[in-house]
Amino acid sequence: MRRLSSWRRWSLWVLLGVLVAALLVTLVYLAARYEASVAQGNVERDVADALSDMRSALTRNVQELQALQSGRHTQGEWRAQADALLRRHREWVRIEWRGPGLELLTEADTPFRTPVFSRFGRANSLPEVQQACSTARRLSSHAYARSHFVPQLDGLGLELMELCLPQVEAGRLTGFVVATYSLTDLLATQIGPQMGRSQEISFTEADGTRLAMHGLARRGTRVFSAQQLLDLPGSTMVLRMDSWRRSEPDLFPNVLTALVTVMSIALITVLFMLGHDTRRRLRVEQDLADALAFRKAMEDSLVTGLRARDLQGRTTYVNPAFCQMVGFGPEELLGHGAPAPYWPPDLAVEYGKRQAVRLTGGSQPPREGFESVFMRKDGTRFPVLIIEAPLINAQGLQTGWMSAVLDISEQRRVEELSRASQERLQATARLATVGEMASLLSHELNQPLAAIASYANGSINLLQHSAAPVADLQLAMRRIAEQADRAGRVIKSVHDFVRRRDQARESVSPAALLDAIAPLVNLQARKLGVRVDSRVPPDLPGVLCDRTMVEQVLLNLARNAMQAMDEAHVAHPALLIQVRATAATEAGKRWLEFSIADVGPGIPEQVKQQLFTPFFTTKAEGMGLGLSLCRTVVEQHGGQLLFEPNQPQGTIFRFTLPAQS
């Protein structure tokens with residue numbers, strides 16, 4: 001027996017030694033693999049970050065070149081701006097301005113080196129320029145060419161890449177801007193200097209041929225490489241990063257730490273196997289007692305009532321919150337079946353049937369619970385929300401039902417208050433709508449009523465003469481009738497607008513819209529001495545719109561422009577109203593753009609921010625609703641109302657409306 005016990009003891013130590021050795025070998029291997037994977041992951045992350053920085057830098061450079069294209073410049077002005085760009089961007093060695101046929105207009109070379117094309121001229125690299133500009137013209141955007149090598153006077157050379165941006169004015173190609181990148185300088189300026197001190201970064205072809213390199217070309221026993229594809233419009237390169245280590249990963253400190261840890265765990269395990277059974281049992285019992293005490297404290301602190309019933313419907317457990325809720329003590333509830341003391345007498349039969357169906361498994365309670373009514377010991381009733389779930393024992397068998405009971409009396413009271421508040425808010429909203437309708441009607445009816453008054457006064461003046469022309473009187477009467485009808489349509493349209501109802505829309509030609517407001521516009525123009533010019537191409541499609549509201553928008557904008565010029569005492573006031581078709585959207589939808597341009601003083605900066613704010617006005621007798629209403633009407637049609645300065649002076653208001661397809 002002693003020999004058997006000794007053999008078991010030695011076998012345990014041998015097993016422990018084998019286990020420790022295996023763990024050490026495994027730990028050394030995993031440590032080496034882990035450090036290698038970490039180093040490789042760092043390189044891959046660095047090359048991804050470098051590629052992201054490179055793409056962002058190229059995008060910013062394109063934006064700066066686009067800014068160089070904006071506006072009209074003389075060759076001297078353009079060269080001065082190009083020289084400034086070259087001083088800020090060392091990666092550019094040359095910027096050229098070429099015409100539509102790629103003829104060279106002017107150029108600027110970098111001040112940081114001898115002109116790169118001074119030895120063999122620019123003709124050898126023209127195929128790359130043509131390739132980039134051809135791609136840019138096809139894409140209607142910037143494009144790059146494949147890199148090419150240019151020898152230098154010092155016996156070395158540079159790997160260059162051409163960038164071409166088309167210059168388009170009014171849909172017509174007017175030229176190109178060509179920027180020549182030095183790939184070596186691009187790496188040196190856009191990659192962080194800390195990467196170049198410990199890593200080698202290079203541009204390569206897809207087959208691995210190096211085009212440009214940055215960083216110290218040191219090598220170690222371990223090299224970790226990663227590469228990412230830099231896909232540019234018209235050209236593709238690979239960004240490669242090589243990182244090195246002086247030696248293999250240092251494993252000795254890790255082995256010592258692992259050895260101590262593993263030996264400690266092994267000793268604790270042996271001691272645990274030899275004599276820990278008794279202490280483990282005591283600890284488990286203590287944990288169980290603590291768990292029971294914790295559960296009891298948690299249940300006593302809940303405000304949610306808990307109730308447990310067995311499969312016969314008898315109550316087996318209630319927590320203090322449930323007892324407080326119904327007003328009965330635990331001794332009055334435990335062991336009781338149907339009917340329960342807290343069931344209302346008139347509902348006891350219904351509750352008993354529902355419980356019988358539940359206990360037989362005929363129905364499952366909804367997960368969100370169900371509402372019911374309980375009765376307290378003093379006879380008062382209150383609504384509750386009951387959430388039930390099967391009560392499962394340790395063997396997986398159902399022994400009853402566990403219920404969570406919530407008193408929802410306060411929730412019902414809050415819902416009733418919320419419902420009353422909602423009704424008051426609806427009444428307030430209706431009153432606000434009535435006020436809005438009154439304001440809009442008073443503003444919009446001013447124009448047709450003013451026109452009626454003007455025509456009526458003109459008719460009275462004509463009648464005061466003995467030989468009043470009948471044709472003029474008939475024309476004035478027709479105009480009065482038209483404006484009265486217009487006032488009625490304004491009332492109907494504004495009423496529909498306030499009620500947020502879809503207005504009746506029809507296809508109207510742009511010329512008809514301008515003809516409808518022409519008498520009112522010309523009347524005020526003659527009074528203020530304004531020259532009005534309308535330009536409407538005859539082949540434009542119709543506009544799908546609410547005719548009355550759009551006419552009101554045109555009239556408001558025209559009157560505002562003429563009043564602005566009159567208040568500024570412009571020497572030769574002129575108003576230009578134009579309509580043009582815009583380019584079709586991606587979805588194939590067509591739009592017409594209306595513009596009203598004046599030569600007034602323009603809009604001050606402090607007014608621009610509040611121009612469309614309701615009730616904001618710069619006029620002494622204005623209401624501040626005109627422009628706000630105009631923008632709302634245009635946006636309801638799906639368009640936009642914008643404004644911009646007119647050159648050399650004045651303001652242009654533009655808005656778009658959908659064209660009839």
Side-chain angles (χ1 to χ4, degrees), residues 170-171 429 432-433 436-437 439-441 443-444 447 486 489-518 521 534-561 576-598 603 608-616 624-646 651-661:
T433 302
E436 183 181 359
M437 182 188 299
S439 298
L440 293 176
L441 283 174
H443 182 272
E444 298 302 330
Q447 295 173 348
R486 177 180 180 80
R489 285 186 285 122
V490 165
I491 293 174
K492 181 178 182 301
S493 296
V494 172
H495 181 262
D496 292 342
F497 171 71
V498 170
R499 294 179 59 189
R500 298 295 190 267
R501 200 173 59 191
D502 292 338
Q503 287 95 4
R505 297 182 181 180
E506 56 182 331
S507 178
V508 186
S509 67
L513 292 174
L514 298 185
D515 291 342
I517 66 169
V521 173
S534 299
R535 299 177 185 177
V536 183
D539 56 346
L540 290 178
V543 180
L544 188 61
C545 65
D546 181 345
R547 177 169 184 165
T548 303
M549 297 304 292
V550 173
E551 290 175 359
Q552 202 66 34
V553 171
L554 288 168
L555 186 58
N556 282 349
L557 296 178
R559 288 169 61 90
N560 287 346
L576 175 61
I577 304 176
Q578 296 187 88
V579 186
R580 69 180 184 89
T582 63
T585 62
E586 296 180 358
K589 192 172 183 180
R590 302 178 61 192
W591 296 83
L592 293 184
E593 182 185 82
F594 293 75
S595 63
I596 295 89
D598 61 59
I603 301 175
K608 290 182 179 179
Q609 302 297 329
Q610 308 180 62
L611 191 61
F612 294 106
T613 303
F615 303 106
F616 173 79
L625 289 173
L627 288 178
S628 175
L629 176 63
C630 291
R631 186 177 67 172
T632 303
V633 170
V634 172
E635 289 178 350
Q636 281 191 340
H637 286 77
Q640 284 185 316
L641 174 60
L642 304 171
F643 65 92
E644 62 184 38
N646 190 15
T651 305
I652 303 177
F653 279 85
R654 305 180 188 272
F655 66 90
T656 54
L657 295 175
Q660 178 69 29
S661 56

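A quick note: this is a predicted structure, and the numbers were derived from the prediction, not measured. Just so you know, these numbers use all the heavy atoms, side chains as well, and skip hydrogens, waters and symmetry mates. For the single chain, residues carry numbers from 1 onward in sequence order.
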Can you give me the closest heavy-atom contact between Q578 and L576, atom names plus distance? NE2-CD2, 3.4 Å
Please list, chain by chain and in numerical order, all residues satisfying side chain to side chain donor-acceptor pair (under 3.5 Å) with E593, sequence neighbours excluded. R580, R654
Do you know the tightest heavy-atom contact between I652 and P645? CD1-O, 4.4 Å
Between atom CD of Q660 and atom OG of S509, what is the distance when rounded to the nearest 0.5 Å? 12.0 Å
Taking C-beta and beyond as the side chain, do F653 and S595 meet within less than 4.5 Å on heavy atoms? no
For the pair S507 (side chain) and G542 (backbone), establish whether a donor and an acceptor sit closer than 3.5 Å, ignoring hydrogens and angles. no
Enter the distance from L592:CG to T582:OG1 here, rounded to the nearest 0.5 Å. 7.0 Å
When you look at CD of E644, are more than 12 heavy atoms from neighbouring residues, nucleotides or ligands closer to it than 6.0 Å? yes
Report yes if some heavy atom in the side chain of V543 is under 4.5 Å from a heavy atom in the side chain of V550; otherwise report no. no
Run the numbers on V553 and F594 for side chain to side chain contact (heavy atoms under 4.5 Å, CB included), then give the verdict. CA-CA 10 Å; V553 171; F594 293 75; over 6 Å; no
Distance from F655 atom CZ to L657 atom CG, nearest 0.5 Å? 5.0 Å
Are L554 and I596 packed together at the side-chain level, in the sense that at least one heavy-atom pair is separated by less than 4.5 angstrom? yes
Gap separating the CG atom of L555 from the CG atom of L514, nearest 0.5 angstrom: 11.5 Å
N/O donor-acceptor pair under 3.5 Å between H637 side chain and L544 backbone: no
When rounded to the nearest 0.5 angstrom, what distance separates CD1 in I517 from CD1 in I577? 5.0 Å
From CG (L642) to CZ (R631), nearest 0.5 Å: 10.0 Å
